[in-house]
Every structure is written in C-alpha cells, then in structure tokens.
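By convention in this document, chain letters (A, B, ...) are assigned in the order of the sequence lines, proteins followed by strands, and residues within each chain are numbered from 1.
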2 protein chains.
Amino acid sequence: MTEQNHLLEEMLQEDEKLTDKQRQILIAATEMFAEKGFAATSTNEIAKKAGVAEGTIFRHYKTKKDLLLSVVSPLMVKMIGPIIIKDLNKVLDKDFDHYEEFLWAMIKNRQEFLEKNLKVIQIFLQEIPFHEELRQQFIEHVGKKVLNRYIQIIEHYQIKGQIAKMPPTTVIRLTASTLLGFFATKYVFNVKWNEEAEIEQTIKFLMKGLAP
Amino acid sequence: MTEQNHLLEEMLQEDEKLTDKQRQILIAATEMFAEKGFAATSTNEIAKKAGVAEGTIFRHYKTKKDLLLSVVSPLMVKMIGPIIIKDLNKVLDKDFDHYEEFLWAMIKNRQEFLEKNLKVIQIFLQEIPFHEELRQQFIEHVGKKVLNRYIQIIEHYQIKGQIAKMPPTTVIRLTASTLLGFFATKYVFNVKWNEEAEIEQTIKFLMKGLAP
DNA sequence: TTGTAAAGTGAGTAATCACTCACTCATGAC
DNA sequence: GTCATGAGTGAGTGATTACTCACTTTACAA
C-alpha cells in the first residue's frame with residue numbers, strides 16, 4: 001500500500017465517521033461559500049441551511065476559518081496528488097507514445113475532476129487571494145510535486161523529438177494556459193459549442209505550436 | 001469629438017472636482033479592497049486609513065457597494081473602450097501587416113495597462129463572482145464591443161491567409177488564453193524570467209499554432 | 001440498566017457592522 | 001457682513017457578527 005493510498009483511505013474512513021449533521025454543515029458551507037463568498041457568509045446562515053444549531057458548527061470547527069479549510073483542503077490533498085502520480089506513471093510506462101495522447105488523457109481526466117468538484121474549486125479560486133494558509137497548502141501539495149513531475153514528462157517528450165527544445169517550464173506554461181483557457185471558456189462563460197471539435201482544435205493548436 | 005472622448009473628458013473633469021478627502025477615500029478603499037476583499041473590509045477601516053470621519057464616506061457614496069462600484073467602474077468605461085477602438089483602427093488602417101505585429105503591439109499595450117491598474121484589476125477579478133452589476137457592466141462595455149471587433153480583426157488576417165480557417169471565436173480563445181497565461185505567470189506567480197525571450201517564444205508558439 | 005463520552009443545543013455575549021443625523025466649518029456670491 | 005451651500009464630523013443607532021457555555025440528548029459498552 002503506497003503512502004498516497006494510505007492517506008486517501010484514512011480520509012475516507014474519517015468521512016464515514018462523520019455524523020449526518022456534520023455532513024450537512026459541510027454541504028451547506030460549501031454551497032454558501034461558493035455562492036456568496038467566505039467573508040459574506042455568516043455562521044448563522046450556514047447553521048440554518050444545514051438544519052443545525054449554530055453551536056453545533058463550533059463543536060466541530062474551532063473557527064469559521066477552520067470550516068473553510070475543512071471544505072477546501074481535501075481538494076488538494078485527496079484529489080490532485082494521486083492523479084498526478086498516475087499521470088506520470090502512465091507516461092513513463094509508455095502508455096502514451098506521443099504528447100498528443102497524453103494531452104487527450106489530461107483533458108478528459110481534468111474534465112471529470114472539474115465536474116465532480118466545481119463548487120469547491122470555485123471556493124478555492126475565490127478565497128486563495130485572501131488566505132495565506134491556502135496559498136501555502138497549494139504550493140506544498142500541488143506546486144512543488146506537480147511542477148517537478150511535469151518537467152520530467154516534458155523532457156521525456158523533448159528527448160523523443162516531439163516537442164521543441166525550449167525550457168520545460170515554458171512548455172508547461174503554454175500548455176497549461178491553453179488547457180485552462182479551454183476549461184475557463186466552458187465553465188466560466190458557459191459557452192455552448194461543439195465540444196469534441198473544440199478539443200480537437202485545441203490539441204492540434206498545441207501540437208503545431210510546440211512542434212520542433 | 002467622439003462619444004468615447006466625450007465621456008472620458010467628462011470623467012476627468014469630475015475627477016478634478018474631487019476634494020482631497022474624496023481622493024483619499026478612493027485610494028484607501030482601493031488598497032483595502034485589493035488586500036482584504038470587499039466583504040472583509042469595514043467602512044471604519046477605510047475611514048481611518050483615509051484620515052477621514054466615517055460619515056464622510058457616506059456623504060459621497062450612498063452605500064459601501066456604491067464605493068466599490070466607484071472604484072471599479074472607471075476601469076471598464078474609461079480604459080478598455082478607447083484602447084480597443086484604437087487597436088482595431090490600427091489593424092484596418094494596415095499599420096500591422098501581419099498578425100505577429102498585432103500580437104506584439106497587444107502584449108506591450110496590455111502590459112502598460114495592467115501595470116498602471118494592477119490593484120483595481122485585482123479587485124475587479126476578486127469581486128466579479130459576487131456582484132451581478134459588475135458582470136453586467138463587463139458584458140456591456142467589454143464583452144459585446146470587444147468580441148465583435150476582434151472577430152473582424154481575426155477575419156481580416158484569415159482572408160490574408162495568415163491564420164488557419166477555424167472559427168474566429170476559437171482563434172480568440174486560443175490567443176487570449178496564451179496571452180492571459182503569460183500575464184498570469186508574470187503577475188500572479190511573480191516569476192523571475194527573461195522577459196523578452198518569453199514574449200518571443202510565446203508569440204512564436206501562437207504563430208505556429210494558428211498557422212494555416 | 002446504568003455510566004459515560006460525544007453530539008447537539010440555543011440563549012447569551014461583547015464586538016463590530018453599515019449607516020444616520022444633528023451639527024460645525026469653509027468657501028464664495030451678493 | 002451675511003447668507004446659502006456643500007464638505008466634513010463623530011457620537012449614536014439597531015442589527016448582525018463569530019463565538020461561548022451550561023445544559024440536554026443520543027449512542028453504546030459494561
């Protein structure tokens with residue numbers, strides 16, 4: 001059992017230990033934070049929406065900020081870590097011979113992840129400018145691990161001659177901008193489009209732009 | 001005198017009518033909103049930072065939200081409109097023979113704009129999820145006008161055979177993602193890099209990716 | 001059945017919130 | 001000099017805030 005799986009299962013166990021009221025508090029907080037923002041949401045409102053006394057919230061979460069971190073933290077710890085590692089292994093185990101295949105898998109993979117965590121991701125993006133802890137957690141769990149592993153992936157395809165010889169960080173910036181722009185267009189602007197055609201054109205654009 | 005210039009001068013006139021105290025309030029509000037967010041900033045704090053009685057704020061701004069709009073609205077009305085129109089005229093007047101030249105001008109132009117309005121842009125991006133008025137204003141002033149004009153620009157270069165024949169909105173999405181990604185990397189992650197080299201690689205990437 | 005620890009409650013608290021209002025002050029027209 | 005007007009003030013408003021605490025209920029092992 002890997003360390004990652006261990007942590008993951010530990011968390012799920014904890015989740016199963018949650019009472020109904022605790023679950024209701026987390027659900028209500030997630031919805032209110034996403035809708036009105038952390039600072040503009042009162043603990044009173046959360047309690048009412050959760051069908052719970054206000055005191056119950058503070059029985060389980062020392063402060064309101066504690067509740068925010070409890071909603072957002074699992075996003076990074078539970079989801080991003082393991083997925084990243086699987087991605088890397090698939091590349092190095094040569095499940096993906098071409099960068100193009102890797103991109104396709106990425107886009108499908110992230111799409112699933114986004115759809116299952118839309119609200120929490122929204123809260124995370126909205127609150128990250130105001131909470132040093134969130135920034136720290138993001139750098140710790142996502143920044144360091146992910147960046148280093150993706151540099152390896154890019155170098156792997158550069159050696160194979162599929163990607164132009166520019167700094168891997170630049171390749172990552174260009175790829176990430178394009179993919180994030182794709183998702184932003186879809187989820188933020190709520191555009192109706194021919195999804196498969198857009199994905200194809202996006203990946204074609206990336207491959208042509210990054211070609212040696 | 002164009003309608004845009006008229007509005008612009010009218011605003012500057014009004015700006016000159018502002019008293020010192022009013023200016024201090026706007027400066028203090030801008031800094032506090034950017035730092036702590038709108039909902040987490042109290043009018044008391046703003047008044048103290050501006051060296052003004054709390055009542056003075058409400059003499060000039062009916063509500064706290066009114067103050068927010070007074071800080072953010074000019075950003076869209078005064079700045080984005082005129083610049084966009086100049087861009088378009090330069091293209092259609094054939095100041096830019098190639099899409100590449102247009103991109104260079106855009107990147108330089110936007111960089112100036114960003115640097116001069118960092119804090120207000122930050123406030124705008126932070127608060128737009130929570131204020132319908134901001135979203136409406138953005139669609140009104142930026143969305144409609146800008147998108148339509150940029151579609152014309154893209155079609156212009158497509159006819160010249162410089163850009164692949166895909167939907168103009170897709171070209172705009174890919175271009176905007178790449179440029180916004182460039183600025184985000186610079187200003188959000190505060191990366192130290194060889195700026196000119198990164199700009200060159202970014203534009204080269206765009207040109208290769210969008211080539212017919 | 002009983003003992004106990006955790007879960008849940010809701011009235012209560014001091015602090016803070018956005019906003020008001022009766023007032024003073026400064027400026028300039030007559 | 002006087003009067004009108006708008007800028008500026010700061011104590012005061014009721015509402016709301018995050019959080020506490022003494023208490024009750026629930027779950028379950030002994």
Open item on the list: What residues from residues 39-55 of chain B pass a heavy-atom cutoff of under 4.0 Å to DNA chain D?
Closed with: V52(B), A53(B), G55(B)
Open item on the list: Which nucleotide wins on minimum distance to the side chain of T56(A), given the candidates dG8(C), dA18(C), dA22(C)?
Closed with: dG8(C)
TODO: Run the numbers on F138(B) and F124(B) for ring pair (Phe, Tyr, Trp, His ring centres under 6.0 Å), then give the verdict.
DONE: CA-CA 10 Å; F138(B) 183 75; F124(B) 175 74; 5.6 Å; yes
Open item on the list: In the structure I gave you, are the side-chain heavy atoms of V71(B) and Y61(B) within less than 4.5 Å of one another anywhere?
Closed with: no
- [ ] Decide side-chain hydrogen bond (donor to acceptor under 3.5 Å, both in side chains) for H131(A) and K65(A); before the verdict, give the C-alpha distance in whole Å, the side-chain angles of both, and the deciding distance to 0.1 Å.
- [x] CA-CA 9 Å; H131(A) 307 279; K65(A) 188 154 190 167; 3.1 Å; yes
Open item on the list: What is the separation between atom OH on Y61(A) and atom C1' on dA7(C), rounded to the nearest whole Å?
Closed with: 13 Å
TODO: Considering only NZ, NE, NH1 and NH2 on the basic side and carboxylate oxygens on the acidic side, decide whether E115(B) and K186(B) come within less than 4.0 Å.
DONE: yes
- [ ] Verify side-chain hydrogen bond (donor to acceptor under 3.5 Å, both in side chains) between T175(B) and Y99(B), making sure each step is shown before the conclusion.
- [x] CA-CA 11 Å; T175(B) 305; Y99(B) 191 55; 3.0 Å; yes
Task: Test item: V191(B) and T169(A) side chains (from C-beta on) under 4.5 Å apart, heavy atoms - done: no
Task: Options dC19(C), dA22(D), dC19(D), nucleotide nearest the side-chain atoms of K64(B) - done: dC19(C)
Task: Non-hydrogen atoms of F130(A) and R135(A) that approach each other most closely - done: C-NH2, 4.1 Å
Open item on the list: Could you check whether any side-chain heavy atom of I123(B) comes within less than 4.5 Å of a side-chain heavy atom of L75(B), counting everything from C-beta outward?
Closed with: no
TODO: Kindly express the pairing pattern of DNA chain C in dot-bracket notation, using | wherever a base pairs with another strand and counting only Watson-Crick or G-U pairs under 3.5 Å.
DONE: ||||||||||||||||||||||||||||||
Task: Length of the CZ-P vector between R23(B) and dG8(D), whole Å - done: 11 Å
Task: Selection from dA7(D), dC19(D), dT9(D) that lies nearest to any side-chain heavy atom of Q22(B) - done: dA7(D)
